[in-house]
Structure formats: structure tokens, C-alpha cells
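This is the structure I want to talk about, given as C-alpha cells.
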Amino acid sequence: MSPDLHALSRQPIHAGWRFKQRDPARRIEDDFQSGTGWRPASVPGTVHQDLMAAGLIPDPFAGLNERAVQWVGEADWLYRTTFEVSQPDAERIDLHFAGLDTFARVWINGRLALAADNMFIPWRVRAKAFLRPGLNDLWVLFESAWARGKALEADYGVMKVWNTDASRVYVRKAQYHYGWDWGPMLLTAGLWRPVWLEAYSARFEDLECRVDVAPDLAAARVMVRPTVEGEADAVAVSLVDPAGAVIASAECPPDGSVAFDVAAPQLWYPRLYGSQPLYRVQAELRRAGQPLDAASKRIGLRRLRLVREPVEGEPGASFYFEVNNTPIFCGGANWIPADSFPPRLTPDRYRAWLERAANAHMNMLRIWGGGYYEDPAFYDACDELGILVWQDFMFGCG
């Protein structure tokens, strides 16, 4: 490979993290550089998990311990680590946070690099200008979501909500952390999803895959549109059938798209209505013939419609889903977050819960809007098990 080009590499930054409670009497720089009070932290993780591991709080789920740990959500917390850059000469180097919970400020080598205010979305820092040879310092301040929400409520007024404290509607945080009729009030903070450094010349930001199945189900079209960051010449795209055979390939410019026509497609059906074959879209990003990044997505080919039609002799209209021209009885459940501390959820735990749903003949789950957008492992398992997902936006009863 040309020394001027760098294939994308991801360097996890999960080791060596330490945390402590913020001392408001100190300047923030002095607090981060202090030598006392720091304890080992887990990333991904939450402050409650770290405090439990350090023996500083009891298990909030035992007895009435929930009451004894409310101070955690009212405090500010500091996290810090150091890292070295594995590819310092790359064209671009980004620091990527898959999830920061919730009001967070990030410093790289003492310089403020990011101010975040949303738990639900990833955050990316163009980090190269902040980095230096050797060890780099990474600091993260998490301000109390409770305090920030109350301050916003004081500025803009009390909103009408059902359940728990009304200030939650001003905070883009999982609303169940404020407590619910089924769960405790545990206002978490922390780096709740992975953190990594990306070194690259160009990369895929997204790989959009849209499917259009013909009304007679005899053919399908798969449309692929990449979104690219950085300079590249071309995107090579392939479509792989459920048996693993490449059935179509094409190339497009980075700002273009490709479309594949599939005759006699193997159709995806919800559980109880058919099988769940999955195709795969594979893409490679290139410049001067050199591969710079790769991406892939598994997709099901299906024709899905929400049927809204007049009902003879009745007011209003019908409301049901049709998959591959077959009306579907949507038997399922309401999915609430499976843990108050999301980093404790693993692909195996997701799979176990979803297999229970499938074995109970459920074919649709509604992801309730007071939680968060689940890990990709959740949606992947639903694809495999034939479970449709009704996805709420994250505004729970507010």
C-alpha cells in the first residue's frame, strides 16, 4: 500500500480508565490532575457499576438501597486515561465515542475537544490536531443530568408528563433512569458504549440499503447508497445471497449509488409465516486501487405495508401490517430496557431474551420510548428470529 494511504484502523481506548467524584471547590484542570481519590473504572460502563466494584455503594437492587444511592445522580464525575496513537501519520484521526451519558465535556491533552448533551447518539472528535507523540491524556467530565435538567426546567417551565420528575423531558437521556412504575430511579453517568481512535484516509460513514419487492413478489431491487468521509475514488459493492454466493457486483463513485435486481428473491417473513433468509451487502472503499475501508449489512428482502383502508359499515380505517402480501397478526410485547445499567447487556443476554419471545410465538416487539436505541445485537437477533420491530422515538410519556 502507498505510504500516503491508510486503511481504516480502530484502536479501542478501554484500558487504564480511572474515575472520581468531582470536587467543585477545585478548578477543573486541577481536579483532573490531582493525585488522590481516583479508582479503577470500566469502559464501557456506568458510574454506579464502578462505585459498586470499589465497594463504595451497595447493590441498588437489594432491599431499599435505591434510596441510599440517589446522591450518585446528583454529583458530577471525572474519568481519565492515557493512550498512545498507533498510527500517528494517518491522514485523519478521529476519537469516536459510541455513547456518552449524558452531559459530557471531553479534553484531549488539556484542550477542550467536545461538549456532548445527548446519550442516544455517537460523538466524533476530529482529534489529530489535539494529539502529540507519546502518551496522550484523555479527560471526561460528566455533569449531573439531574442538576442540568432542573436548571433547564427553571429556565423554560415545568412540562406536563406522566410519571416521575418532569425535568426529565429537557434531558436527552434514557427516561427510565428517572424511575418508572416498573423500575428504580438510578441516574447513571459514564462512557456507556465503546470508545475508539480511528486512523484512516477515507471511511464509510454509512451504508444505506433499501429494498423494493415487486407487488407480485417475483422480483426485488436492492438499492445501496454509501456515505463517505474523506477522499476516495470508488466504492465496490456486492450482493451475497443467503447461501453465501455473490450474485451481483457493481462499482459507483463515493457520492453515487448502485441498484441490484434480484429475480425470484428468497423472501423474509415474520415468525410463524415463513422463513428468515438474509442477504448481505458488502462494500469496499478504494482510492488509486487501494482498499481503504469495508462495510457490510445483512438485509431481508420483504414487501411490508401498513394497510389503511376504509372499513365497510364502520367509521375510520383499517390498521394492520401486510408482509409479502400476507396480513400479519402482530402478536408480541412491549420491550423495556433489560437492565438499569445498559453496559451489562451482552449479545448472549439479548439473544436469550429474544429467543424466549420467539418461543412464545411473538413476531413483533415494540421498543418503548423511555429507554434507548438498543445495541445492534438486538436488531440482528430480531432479523434472525423473525421478529418485527416497532421502534419508538425516545420521548417516554412526556
Side-chain angles (χ1 to χ4, degrees), residues 1-14 83-99 108 113-114 121-131 193-212 220-262 278-301 347 373 375-377 379-380 383:
M1 178 177 294
S2 164
D4 298 324
L5 296 180
H6 291 82
L8 184 141
S9 68
R10 289 188 176 92
Q11 176 186 339
I13 303 181
H14 296 155
F83 64 92
E84 290 192 70
V85 182
S86 61
Q87 294 194 17
D89 58 340
E91 285 183 48
R92 298 164 180 256
I93 303 177
D94 294 351
L95 182 61
H96 182 94
F97 297 93
I108 302 173
L114 173 67
I121 64 174
W123 296 88
R124 181 176 291 271
V125 177
R126 305 294 185 230
K128 189 166 185 177
F130 293 91
L131 301 173
R193 280 181 166 164
V195 183
W196 61 83
L197 209 63
E198 283 188 348
Y200 62 98
S201 293
R203 66 178 184 86
F204 286 113
E205 174 71 23
D206 190 22
L207 192 66
E208 179 187 2
C209 302
R210 301 185 65 180
V211 175
D212 182 14
R221 170 165 284 197
V222 178
M223 294 153 283
V224 182
R225 182 181 298 276
T227 302
V228 173
E229 174 75 21
E231 296 183 12
D233 299 328
V235 178
V237 186
S238 298
L239 181 63
V240 181
D241 72 11
V246 176
I247 57 173
S249 296
E251 195 171 276
C252 69
D255 59 351
S257 63
V258 300
F260 298 121
D261 290 316
V262 182
L278 294 171
Y279 290 72
R280 182 180 294 276
V281 174
Q282 299 178 162
E284 185 176 82
L285 186 61
R286 299 171 181 169
R287 191 204 300 177
Q290 302 286 5
L292 299 179
D293 193 12
S296 68
K297 281 190 176 181
R298 290 190 308 168
I299 58 173
L301 308 189
Y373 300 100
D375 187 86
Y379 302 97
D380 289 344
D383 288 347

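Residues take their numbers from the sequence shown, with the count starting at 1. Here the structure is a predicted model, which is why all the values come from computation and not from measurement.
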For residues 234-253, which side-chain N or O atoms pair as donor and acceptor with protein atoms under 3.5 Å away, sequence neighbours left out?
from   : atom 1 : to     : atom 2 : distance (Å)
Ser238 : OG     : Ser249 : OG     : 3.1
Asp241 : OD1    : Ala243 : N      : 2.9
Asp241 : OD1    : Gly244 : N      : 3.0
Asp241 : OD1    : Ala245 : N      : 2.9

### Flag for Ser296-Gln282: side-chain donor and acceptor within less than 3.5 Å
no

### Task
Working to the nearest 0.5 Å, report the span between CG of Leu285 and CG of Asp293.
6.0 Å

### Task
Quick one: list whatever passes side-chain hydrogen bond (donor to acceptor under 3.5 Å, both in side chains) with Arg210, sequence neighbours left out.
none

### Message
As an exercise, state the distance from CG of Asp261 to CE of Met223, rounded to the nearest 0.5 Å.
### Response
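The CG atom of Asp261 sits 9.5 Å away from the CE atom of Met223.
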
### Qualifying residues under side-chain contact (heavy atoms from CB on, under 4.5 Å), relative to Ala377, sequence neighbours excluded
Pro347, Tyr350, Asp375

### Summary
Applying salt bridge (charged side-chain N to carboxylate O under 4.0 Å, His left out) to Asp212 and not counting sequence neighbours gives none

### Asp383 CG to Ile299 CD1 distance, which is reported to the nearest 0.5 Å
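Between atom CG of Asp383 and atom CD1 of Ile299 there are 10.0 Å.
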
### Task
Starting from the C-alpha separation in whole Å, work towards a yes-or-no answer on side chain to side chain contact (heavy atoms under 4.5 Å, CB included) for Val228 and Asp255.
CA-CA 7 Å; Val228 173; Asp255 59 351; over 6 Å; no

### Message
Let's go through Ile121 and Trp123 carefully: what are the C-alpha distance in whole Å and the side-chain angles of both, what is the deciding distance for side chain to side chain contact (heavy atoms under 4.5 Å, CB included) to 0.1 Å, and is it a yes or a no?
### Response
CA-CA 7 Å; Ile121 64 174; Trp123 296 88; 3.7 Å; yes

### Task
Return the set of residues passing side-chain hydrogen bond (donor to acceptor under 3.5 Å, both in side chains) with Glu205 (not counting sequence neighbours), or none when no residue passes.
Arg203

### Task
Taking all non-hydrogen atoms of both residues into account, name the closest pair between Phe204 and Ala295 and its distance.
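Shortest heavy-atom contact: CD1-CB, 3.6 Å.
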
### Message
For His96, run the side chain to side chain donor-acceptor pair (under 3.5 Å) check against Arg10, Arg193, Glu198, Arg124 and tell me which one passes.
### Response
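Result: among Arg10, Arg193, Glu198, Arg124, Arg124 is the only option passing the side chain to side chain donor-acceptor pair (under 3.5 Å) with His96.
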
### Query
Quick one: salt bridge (charged side-chain N to carboxylate O under 4.0 Å, His left out) partners of Lys297, sequence neighbours excluded?
Asp206

### Message
My understanding is that only residues two or more places apart in sequence, or in another chain, count here; which of them pass side-chain contact (heavy atoms from CB on, under 4.5 Å) with Val85?
### Response
Phe83, Pro88, Ile93, Leu131, Asn136, Leu197

### Query
Which residue pairs pass the side-chain hydrogen bond (donor to acceptor under 3.5 Å, both in side chains) test when at least one of the two sits in residues 228-237, sequence neighbours left out?
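Residue pairs passing side-chain hydrogen bond (donor to acceptor under 3.5 Å, both in side chains), neighbours aside: Arg92-Glu229, Arg126-Glu229.
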
### Task
Check whether any side-chain heavy atom of Leu292 sits under 4.5 Å from a side-chain heavy atom of Tyr200, and report yes or no.
no

### Query
For Gln87, what residues pass the side-chain hydrogen bond (donor to acceptor under 3.5 Å, both in side chains) criterion, not counting sequence neighbours?
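Gln87 satisfies side-chain hydrogen bond (donor to acceptor under 3.5 Å, both in side chains) with Ser9 only.
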
### Query
Sequence neighbours excluded, which residues qualify as side-chain hydrogen bond (donor to acceptor under 3.5 Å, both in side chains) partners of Thr227?
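Scan of Thr227 (side-chain hydrogen bond (donor to acceptor under 3.5 Å, both in side chains), adjacent residues dropped) gives none.
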
### Task
Taking the side chain as every heavy atom from C-beta outward, state whether Tyr279 and Val262 have any pair of such atoms under 4.5 Å apart.
yes

### Query
For Arg298, which residues count as a side-chain contact (heavy atoms from CB on, under 4.5 Å) partner, sequence neighbours excluded?
Leu278, Arg280, Asp380, Glu384

#### Entry: Qualifying residues under side-chain contact (heavy atoms from CB on, under 4.5 Å), relative to Glu91, sequence neighbours excluded
Leu5, Ser201, Arg287

